[in-house]
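Worth knowing before you read on, the calculation uses all heavy atoms, side chains too, and leaves out hydrogens, waters and symmetry mates. Model, not experiment: these values are computed from the prediction.
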Amino acid sequence: MSQKNKYAQAPNKLSVALIVNGTAQQLIVAPWTTLLDALRDHLGLTGTKKGCDHGQCGACTVLVDGRRVNSCLSLVVMRSGAEVTTIEGLATRDNLHPLQQAFIDHDAFQCGYCTPGQICSAAGLIAEGKAKSDDEIRELMSGNLCRCAAYPNIVAAIKQAMTVMAGKS
Amino acid sequence: MTPYIGTAISRIDGHAKVTGGAKYAAEFNVPGLVHAFVVVSAITKGSIARIDASEALRVEGVVDVLTHENRPRMADTDDAYKDDVAPDGTPYRPLYDSKIMFSGQPVALVLAEEWEIARFAASLVHVKYEQEAHLTDLYCQREVAFALPEPAKPRGDAAKAFAAADVRHQGEYYVPIEHHNPMELYASTVTWDGGGKLTVYDKTQGVQNVQRYVCSIFGMKPDDVRVMSPYVGGAFGSGLRPQYQVVLAVLAARALERPVRLVLTRQQMYSLGYRPAMIQRIELGASAGGTLDTVTHEAITVTSQYEDFFRNETTWSGLLYRSANAKYTHKLTRLDLPTSCDMRGPSATTGVYALESAMDELAVALRLDPLELRLRCYSDRDQNNGDLPFSSKNLLECYRQGAEIFGWAKRNREPRSMRDGSELVGWGMATGVWEALQVPITVRIVLTANGHAEVACATSDIGTGTYTIMAQVAADALGLPLDNISIKLGDSTLPQSPVEGGSWIAASVSNGIVTTCNAIREELLVLAKNLPGSPLANATRDEVTLLDGRLVNRRDASRALSIAEVMRVSGVDRIAQEKSTSFANDGKHAHNTHSALFAEVKIDEQLGVIRVTRVVSAVAAGRILNPKTAHSQVMGGVVWGIGVALHEETLIDHRFGRVMNANIAEYHIPVNADIQDIKVIFVEEQDNIVNRLGVKGLGEIGLVGVAAAIANAIYHATGKRVRDLPITIDKLQR
């Protein structure tokens with residue numbers, strides 16, 4: 001025991017296993033590590049963005065077991081066994097996800113920083129099957145801020161992707 | 001081949017941005033990275049009496065804690081801290097001494113093996129302060145504001161003309177502090193490359209500005225610091241000046257001789273620059289016929305105690321409308337805040353808001369349609385600047401097309417006269433104006449024999465679409481397919497570029513690319529002429545163009561040679577040219593962009609909830625290089641205008657001198673559900689004077705005027721004039 005341990009210390013590390021973009025991952029992390037920081041710093045998946053770290057901006061949105069969540073508000077040790085999909089896991093080897101293509105087609109971003117979160121959130125939204133009208137898409141995408149303010153183009157891109165995905169299923 | 005310029009090309013960086021491949025400043029993971037976390041001041045003014053970092057240092061994984069007491073040496077002159085765009089004054093020096101000048105000022109930097117450990121240990125750094133009384137309230141200090149030199153020469157006698165005017169309006173307009181809040185957090189990753197060399201991945205609008213600043217503070221040689229920002233997650237002016245995190249990250253990397261990353265928190269970003277709060281007073285005097293006789297525009301704006309930042313809010317008023325008499329004054333108030341800075345459309349967003357609100361009030365006083373008033377006051381000269389004509393000004397067409405698409409003719413002039421169910425409906429309009437600026441820039445192009453060209457310039461793409469328009473212009477000028485062009489930017493080792501701001505980069509870099517492409521073409525022509533039996537043997541420089549991968553004689557298209565063939569036969573693998581372009585002002589024209597804004601609001605009569613249901617923005621900004629990215633830029637500007645009008649305000653608790661809503665939930669910005677129908681129109685505006693391509697820039701013009709159009713629509717809906725922004729429900733109900 002070092003003398004250091006008489007004082008405030010970082011908590012002991014834990015082991016956590018989860019599946020990220022189809023690949024099993026084993027992490028040894030302190031329990032205070034968020035899913036967001038685990039993805040960015042431990043797994044090198046920097047496509048998921050940190051915009052506020054407070055669940056206010058939506059830039060960190062990923063899909064956990066198919067549902068969209070703010071990964072900054074989720075501790076990775078609480079996601080043991082979960083299947084996580086990030087922006088890096090949406091495209092196949094040959095093809096972009098219909099949302100990714102639609103975001104390019106409709107210029108649904110400028111700086112691109114909120115974009116991975118917007119796309120993951122939109123994927124979750126489409127899976128939820130709730131949004132039918134433009135107003136519903138706007139409302140249900142309002143947890144994802146875009147300071148460049150591509151909002152109308154984001155709505156148009158989601159509608160295009162919905163049509164493409166409906167045609168495929 | 002259809003030219004790429006003017007075609008709605010999708011962003012060439014789009015694939016990287018939708019797949020997560022685009023890397024921002026905090027995303028360069030290198031082995032052995034040290035994570036830094038800033039401890040910030042709990043007081044607003046005074047000094048640090050004592051810092052105790054012992055508890056933090058005992059945490060396993062903490063590498064060091066840097067403070068003003070133990071930091072490595074930094075420059076000790078003000079000049080060393082002056083970046084390319086610093087205002088007058090004595091720039092702030094991060095972690096330099098014990099003096100506290102604003103709330104949230106960094107006082108210590110915790111360095112640890114993991115980010116969470118650094119953050120935790122930061123909570124264990126104990127600081128004792130000597131506190132002094134602070135002042136952060138503009139209204140308490142307006143009487144002691146000091147006058148700046150006259151923003152522009154007055155003309156006539158504004159006071160006399162106002163007294164004599166048939167119809168008068170005077171009003172005072174307030175704009176609060178606003179923060180840029182780009183989505184990306186301010187961050188720097190510094191890699192330790194050995195031999196004292198550093199690579200700095202920084203969130204900035206000007207890599208070379210940061211490079212010079214870092215070299216100057218740390219006495220480093222230019223070759224020892226390379227600053228990179230291949231992608232920037234928005235900035236909107238906040239990245240024009242280097243921010244303190246880059247100084248601290250470099251300081252730490254040099255102290256530890258290890259790579260270091262520092263990411264600010266969203267809360268900490270509220271201690272960077274901001275749009276200054278301001279009080280503006282406007283006096284307008286008009287003839288009964290609705291022409292302006294006089295305009296007086298006064299502004300009092302806010303800065304820090306140590307630097308005098310300001311922009312000219314007032315002079316837009318005497319530029320935009322014809323008026324024989326005009327007078328401008330600008331006063332500055334020093335408060336215990338960080339230095340204010342440029343924020344999208346600096347000076348015009350706020351100055352034109354006040355002017356265009358006042359013009360609406362004048363129209364009401366004249367019982368005149370507000371668009372009709374603008375037409376009667378229309379100016380085809382810059383009266384502030386020797387009565388020069390404009391290089392181009394198609395604002396009349398903006399008014400005409402904007403009004404037609406909006407349906408302005410159906411407007412009932414009376415307030416509260418239009419409704420939709422339980423909602424009052426209001427229609428308002430305003431004019432926008434910005435400068436068509438351009439700056440000296442250098443572009444290097446390397447053309448290889450396989451028909452590929454690399455275009456390089458140290459400018460930035462902060463979301464503006466710079467990558468894409470650079471590729472379009474180069475593809476056209478070199479006669480190559482877009483896919484054969486690669487763009488390098490955001491790297492301080494590339495050819496010279498100033499910071500990306502003021503809407504000046506599109507015009508500057510696109511014309512810069514043409515200059516360098518012309519040099520390439522001329523070199524190709526020399527090679528082509530020397531080929532045996534060359535069909536271009538007698539062609540002059542001006543006769544030859546590059547098209548579809550060939551050198552072609554414009555007068556006789558049958559006289560042509562393939563570029564690849566010319567290079568191959570000449571035994572040349574690559575042609576490299578680096579040329580600088582500057583923009584001589586002929587002194588005979590004013591260069592501006594313009595817009596006409598039309599806005600519809602619907603307001604719940606009982607609750608006062610305001611919705612912006614329609615905005616039409618008609619823009620005259622010269623040649624549009626890419627209608628797709630240009631549309632996004634102006635649409636984004638309109639949304640920003642909705643934020644300025646209805647949402648954005650940094651709230652300071654003046655007892656503590658501290659921002660109360662320092663987060664992106666309580667500092668309101670528009671969200672998707674706030675935004676409905678936005679139509680953007682680019683009217684034809686050919687400009688053969690401003691620069692070779694006739695490009696004028698779009699970053700700011702989309703925002704200017706929007707807030708006034710919405711404020712005017714709210715008046716039209718309710719009959720209530722709110723003169724302080726943002727226009728919130730409580731102000732409407734007062």
Side-chain angles (χ1 to χ4, degrees), chain A residues 2-10 30 32-33 37 40-41 44-54 56-57 59 86-88 90-91 96 99-101 103-105 107 109-116 119 135 137-139 141-155, chain B residues 10-11 13-24 26-27 29 55 58-61 114-117 120 124 180-185 231-236 263 265-266 462-465 628-629 631-633 635-640 663-665 669-675 677-678:
Chain A
S2 76
Q3 196 218 342
K4 278 190 170 183
N5 286 349
K6 284 190 274 183
Y7 302 94
Q9 291 297 333
W32 58 21
T33 307
D37 291 324
R40 283 170 66 84
D41 293 345
L45 294 171
T46 55
T48 305
K49 305 304 181 193
K50 184 183 282 191
C52 71
D53 225 12
H54 282 54
Q56 296 172 336
C57 77
T86 71
I87 192 70
E88 290 94 341
L90 284 181
L96 291 177
L99 275 163
Q100 291 172 314
Q101 188 58 51
F103 268 61
I104 294 175
D105 295 345
D107 207 34
F109 53 88
Q110 292 187 47
C111 80
Y113 198 79
C114 74
T115 310
I119 291 174
D135 275 348
I137 294 173
R138 287 181 189 124
E139 182 66 29
M141 287 299 293
S142 282
N144 290 82
L145 302 181
C146 172
R147 187 55 157 161
C148 300
Y151 297 127
N153 293 357
I154 291 170
V155 174
Chain B
S10 292
R11 273 169 218 270
D13 48 337
H15 188 276
K17 285 177 173 174
V18 302
T19 55
K23 281 194 182 300
Y24 299 79
E27 297 172 355
N29 289 334
E55 209 181 325
R58 285 192 194 102
V59 176
E60 271 183 69
E114 292 180 16
W115 181 74
E116 292 86 354
I117 293 176
F120 168 62
L124 304 174
H180 311 71
N181 277 302
M183 294 311 300
E184 182 194 13
L185 298 173
Y231 294 100
V232 180
F236 312 108
V263 185
T265 65
R266 177 63 57 184
I462 56 174
T464 38
K628 194 171 195 168
T629 55
H631 179 277
S632 290
Q633 237 179 339
M635 184 179 74
V638 169
V639 174
W640 268 62
N663 62 76
I664 206 163
I669 65 168
V671 303
N672 208 322
D674 293 316
I675 303 308
D677 185 16
I678 297 173

The interface call for B/Tyr231 against chain A, heavy-atom contacts under 4.5 Å, is neither
**Prompt:** Could you go step by step and tell me if B/Met183 and A/Cys57 meet the side chain to side chain contact (heavy atoms under 4.5 Å, CB included) rule?
**Reply:** CA-CA 8 Å; B/Met183 294 311 300; A/Cys57 77; 3.7 Å; yes
Under 4.5 Å to a heavy atom of chain B? For A/Ala91 that would be neither
Checklist line | Greater than 12 external heavy atoms within 6.0 Å of B/Glu55's CD | finding: yes
When rounded to the nearest 0.5 Å, the distance separating CG of B/Asp674 from OH of A/Tyr151 is 8.0 Å
Going through the checks in order, is the side chain to side chain contact (heavy atoms under 4.5 Å, CB included) test met by B/Ile669 and A/Arg147?
CA-CA 8 Å; B/Ile669 65 168; A/Arg147 187 55 157 161; 3.4 Å; yes
Okay, A/Asp53 and chain B: the region with an atom under 4.5 Å from a heavy atom over there is side chain
Please evaluate residues B/Val18 and A/Phe109 with respect to the criterion side chain to side chain contact (heavy atoms under 4.5 Å, CB included), reporting the C-alpha separation (whole Å), side-chain torsions for both, the decisive distance (0.1 Å), and the verdict. CA-CA 9 Å; B/Val18 302; A/Phe109 53 88; 3.6 Å; yes
Side chains of B/Ser632 and A/Asp107: donor-acceptor distance under 3.5 Å anywhere? yes
So, the part of A/Thr86 with a heavy atom under 4.5 Å from chain B: the answer is neither
Under 4.5 Å to a heavy atom of chain A? For B/Asn181 that would be both
Cut-off 4.5 Å, heavy atoms of chain A, and the answer for B/Asn663 is both
Of A/Asp135, A/Thr48, A/Leu45, A/Leu96, the largest count of non-hydrogen pairs under 4.5 angstrom with chain B goes to A/Leu96
- Message: Would B/Met635 and A/Asn153 count as a side chain to side chain contact (heavy atoms under 4.5 Å, CB included) here? Give the steps.
- Response: CA-CA 10 Å; B/Met635 184 179 74; A/Asn153 293 357; 3.6 Å; yes
- Quick one: does A/Ser142's side chain have a donor or acceptor within less than 3.5 Å of a partner on B/Ala673's backbone? yes
Under 4.5 Å to a heavy atom of chain A? For B/Leu185 that would be both
Q) Would you call the rings of B/Phe120 and A/Trp32 parallel, tilted or perpendicular if under 30° counts as parallel and over 60° as perpendicular? A) tilted
(request) Assess A/Arg40 against B/Trp115: is NZ or CZ under 6.0 Å from the centre of the six-membered ring, and within 45 degrees of the ring's axis? (result) no
Comparing A/Met141, A/Gln56, A/Gln100 against chain B, the one with the most heavy-atom pairs below 4.5 Å turns out to be A/Gln56
Interface check, chain A: of B/His631, B/Lys17, B/Arg266, B/Lys23, most non-hydrogen pairs under 4.5 Å belong to B/Lys17
Highest number of heavy-atom pairs under 4.5 Å with chain B among A/Ala30, A/Ala149, A/Gly47, A/Gly51 belongs to A/Gly51
Highest number of heavy-atom pairs under 4.5 Å with chain A among B/Glu114, B/Glu116, B/His180 belongs to B/Glu116
message = Salt bridge or not between A/Lys50 and B/Glu184? Use side-chain N to carboxylate O under 4.0 Å.
response = no
Okay, A/Ile104 and chain B: the region with an atom under 4.5 Å from a heavy atom over there is both
